[in-house]
Structures are given as C-alpha cells and as structure tokens.
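Data first, discussion second: the structure below is written as structure tokens.
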Amino acid sequence: MQIATAVLLHGYNANERNWKYVVWGEAPDKPGRIPTAIAVALEEDARLLLLLGSSIGKEENGQWKSSGRLMTELMWKRFTELPNFTVLHALRKTSLEEIQRKVEAVYQLIEGPERQANTLGELQAMIRVCGERGIERLVCVSSADHVSRIIRDALVVSWGTPLANHLSVRASTTLYTEGDGITPPERATLRNVVVIEPRASVGPLAQRLFGISNNPEALAEID
C-alpha cells in the first residue's frame, strides 16, 4: 500500500533581492525551490504539495500579498517553462498538460488564519496539517544551504510521533545566500554551512552566541 506523502515547499521572503532566483532558479541545471518541489511531488506521487502563507510579503499593484501568494502566482505564470529544467527530465514521457493537472490536484496555499514568520513556524503548522489529513510521510523542499536546519527543526517538532520516522529533505540548487546583498560571494557556498552537534565542545557556546541577536542587554554590553 502506498504511503500518504506530503511535500512542503518552504517559502522565501519576497523582499529579498535574490527572491526570484531562489524560488524559480535558472534552467537547465539550477532549479529553484518551486521546480524542485514539483519534481518531488510528481516522483513521490504526493497527496499534497503545500505552501504556507507568510506574514512577510510586499505591496504589488496597490495590494499587499504574502510571499507565499507571490510564489504561487510565479509558479503558474512560468509553469510552461518547467520542462527546461533537467530535474524534470525524468518526466519527459508525461505531457506538460498532464503535469499541470497533477499539480493542480495536489497543490495548496494555506494563508490563514495563521501566517508563519519563520521556518520553525512553517514546520509546526505543517506537522499539524499532516496529523489532520492522515499524512504519513513528509518531504521538505528548500535551498541547499537551508535544509540542514530544516531537518533538525522538523525532527524536533515531530519527535515522538510516527511522522518523525518518515521525514526527509530535498535541496534545490539555488542557495538563498547567493546574490542576497548580505553574504559575501566567497561565503555563499555549502562549505560555509556550519553544523554543530551536541557532542562538539563548542556546542553550548555556539547556542549562546546565536541567542545574542535577540538579547539587547548582551548587545549593549558588547558595544
């Protein structure tokens, strides 16, 4: 019996300078989050391809739209370009019309009543959706320099449930640190993703360092 699978397409702040590159990518070999998530949904015959609306968005033509809404609009606008990506070449025997019908059948943008502000919020909401809809397996899709944090947080929020045994991530090859106007180009590589496991002696120190950004008193003391 086929296991009920969902694919979570992680959103990205539409105000970022590299937004379109990160979420769509560049054909043929740099698929962004959207083409990658569609490929995974088709490969896995997913029951659900989900994007959660964000509390972050921007004005467009006088109307505020969430980053999730803008990603959805971009997906349908550029859908006919999907065959240009090699990540979808395995589906060449399937017509674009059939691919679109399959995606329309499983794709959903959920915008309310909660709008998520960060990755952890997305995952917490997704775990609830999986429980409500009888989803037994979850594949999270995001940028390659983001997925290590996603699998950690996804396991944290699902720990002790059957879903924790059926979690995986799939990386798009567009890094969200590329061309963001913040990260120096030489640092925008996978080699600079830092993973610190509990056994590492610097772990507790790193956790304290990461907490400084939300600690005005600590920042004032450092200044």
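Position 1 is the first residue of the sequence; numbering continues from there.
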Check: Arg47 side chain, Arg133 main-chain N or O, donor-acceptor pair, under 3.5 Å: yes
For the pair Asp29 (side chain) and Thr86 (backbone), establish whether a donor and an acceptor sit closer than 3.5 Å, ignoring hydrogens and angles. no
Check: Gln108 side chain, Leu48 main-chain N or O, donor-acceptor pair, under 3.5 Å: no
With sequence neighbours excluded, residues passing side chain to side chain donor-acceptor pair (under 3.5 Å) with Thr174: Ser172
Closest non-hydrogen atoms of Val7 and Ala37, given as atom of the first, atom of the second and distance, are CG1-O, 4.1 Å
Do you know which two heavy atoms are closest between Val157 and Gln124, and how far apart they sit? CG1-CG, 3.7 Å
Write out all pairs satisfying salt bridge (Lys or Arg N to Asp or Glu O under 4.0 Å) with one or both partners inside residues 50-65, taking only residues at least two apart or from two chains. Glu60-Lys65, Lys65-Glu73
Sequence neighbours excluded, the answer for salt bridge (charged side-chain N to carboxylate O under 4.0 Å, His left out) partners of Arg137 is Glu44
So, applying side-chain contact (heavy atoms from CB on, under 4.5 Å) with Trp24, which one of Lys77, Arg78, Arg33, Met71 is it? Arg78
Rounded to the nearest 0.5 Å, what separates atom OG in Ser158 from atom CD1 in Ile127? 4.5 Å
Leu138, Trp159: one ILVMFWY side-chain cluster at the under-4.5 Å cut-off? yes
Test of understanding: with salt bridge (charged side-chain N to carboxylate O under 4.0 Å, His left out), list the residues that count as partners of Arg101, not counting sequence neighbours. Glu98
So, do Val129 and Ile135 sit near enough that their side-chain heavy atoms are less than 4.5 Å apart? no
Quick check for you: to the nearest 0.5 Å, what is the distance between Ile196 atom CD1 and Ser201 atom OG? 9.5 Å
Do Phe85 and Ile38 come close enough that some side-chain heavy atom pair is under 4.5 Å? no
For Gly57, is there any backbone N or O sitting under 3.5 Å from a side-chain donor or acceptor partner on Asn15? yes
Among pairs that include at least one residue of residues 168-177, which meet salt bridge (Lys or Arg N to Asp or Glu O under 4.0 Å), considering only residues two or more places apart or in two chains? Glu43-Arg170
Within a strict 4.5 Å, meaning less than it, do heavy atoms of the Pro28 and Asn84 side chains meet? no
Minimal heavy-atom distance between Pro35 and Val87, with the atoms involved, is O-CG1, 4.3 Å
Identify, with sequence neighbours excluded, every residue that meets side chain to side chain donor-acceptor pair (under 3.5 Å) alongside Thr183. Asp180
Check the hydrophobic clustering (I, L, V, M, F, W, Y; side-chain heavy atoms under 4.5 Å; chains of links allowed) and say if Val22 and Leu175 are grouped together. no
Taken in chain and number order and not counting sequence neighbours, the residues that satisfy side-chain contact (heavy atoms from CB on, under 4.5 Å) with Glu16 are Tyr12, Asn13, Asn18
Evaluate side chain to side chain donor-acceptor pair (under 3.5 Å) for Thr72 paired with Tyr107, printing each intermediate quantity in order. CA-CA 9 Å; Thr72 301; Tyr107 182 76; 2.6 Å; yes
Contact summary for Ala14 and Trp19, nearest pair of heavy atoms: CA-CD1, 3.3 Å
Checking His166 now: which residues fulfil ring-ring contact (aromatic ring centres under 6.0 Å, His included) with it, not counting sequence neighbours? none
Which is it for Leu52 and Leu8 under the side chain to side chain contact (heavy atoms under 4.5 Å, CB included) test, yes or no, and what are the steps along the way? CA-CA 8 Å; Leu52 294 162; Leu8 174 59; 4.2 Å; yes
Give every donor-acceptor pair under 3.5 Å between a side-chain atom in residues 186-194 and any protein atom, sequence neighbours left out.
residue: Thr189; atom: OG1; partner: Arg191; partner atom: N; Å: 3.4
residue: Thr189; atom: OG1; partner: Asn192; partner atom: ND2; Å: 3.3
residue: Asn192; atom: ND2; partner: Glu186; partner atom: O; Å: 3.3
residue: Asn192; atom: ND2; partner: Arg187; partner atom: O; Å: 3.1

Taking C-beta and beyond as the side chain, do Ile34 and Leu51 meet within less than 4.5 Å on heavy atoms? no
To the nearest 0.5 angstrom, please state how far the NE2 atom of His10 sits from the OG1 atom of Thr36. 12.5 Å
Drop me the distance from Met126's CE to Cys140's SG, to the nearest 0.5 angstrom. 7.5 Å
Return yes if some donor-acceptor pair links the side-chain N/O of Ser66 with the main-chain N/O of Arg69 below 3.5 Å, else return no. yes
With a 3.5 Å distance limit and no angle check, can you tell me whether Thr5 reaches the backbone of Ile3 through a side-chain donor-acceptor pair? yes
So Leu88 and Leu42, side chain to side chain contact (heavy atoms under 4.5 Å, CB included) or not? Walk me through it. CA-CA 9 Å; Leu88 286 152; Leu42 294 169; 4.2 Å; yes
Between CG on residue Leu120 and CD1 on residue Ile150, distance to nearest 0.5 Å: 11.0 Å
Inter-residue atom distance Leu50.CG - Ile110.CD1, 0.5 Å rounding: 4.5 Å
Please check if Leu155 and Leu163 belong to a single hydrophobic cluster, counting links between Ile, Leu, Val, Met, Phe, Trp and Tyr side chain heavy atoms closer than 4.5 Å. yes
Residues which pass side-chain contact (heavy atoms from CB on, under 4.5 Å) with Arg17, listed by chain and number, not counting sequence neighbours: none
Run the side chain to side chain donor-acceptor pair (under 3.5 Å) test against Arg152 and tell me which residues pass, sequence neighbours left out. none
Does Val156 belong to the same Ile/Leu/Val/Met/Phe/Trp/Tyr cluster as Val147, with side-chain heavy atoms less than 4.5 Å apart forming each link? no
All heavy atoms of Thr80 vs all of Pro83, minimum pair found to be O-CD, 3.3 Å
Looking only at heavy atoms, which two atoms of Thr173 and Pro31 are closest? And how far apart? OG1-CD, 3.2 Å
Can you confirm whether Val103 sits close enough to Trp76 that some side-chain heavy atom of one is under 4.5 Å from a side-chain heavy atom of the other? yes
Contacts of Tyr21 meeting side chain to side chain donor-acceptor pair (under 3.5 Å) (sequence neighbours excluded), chain-then-number -> Lys30, Glu178
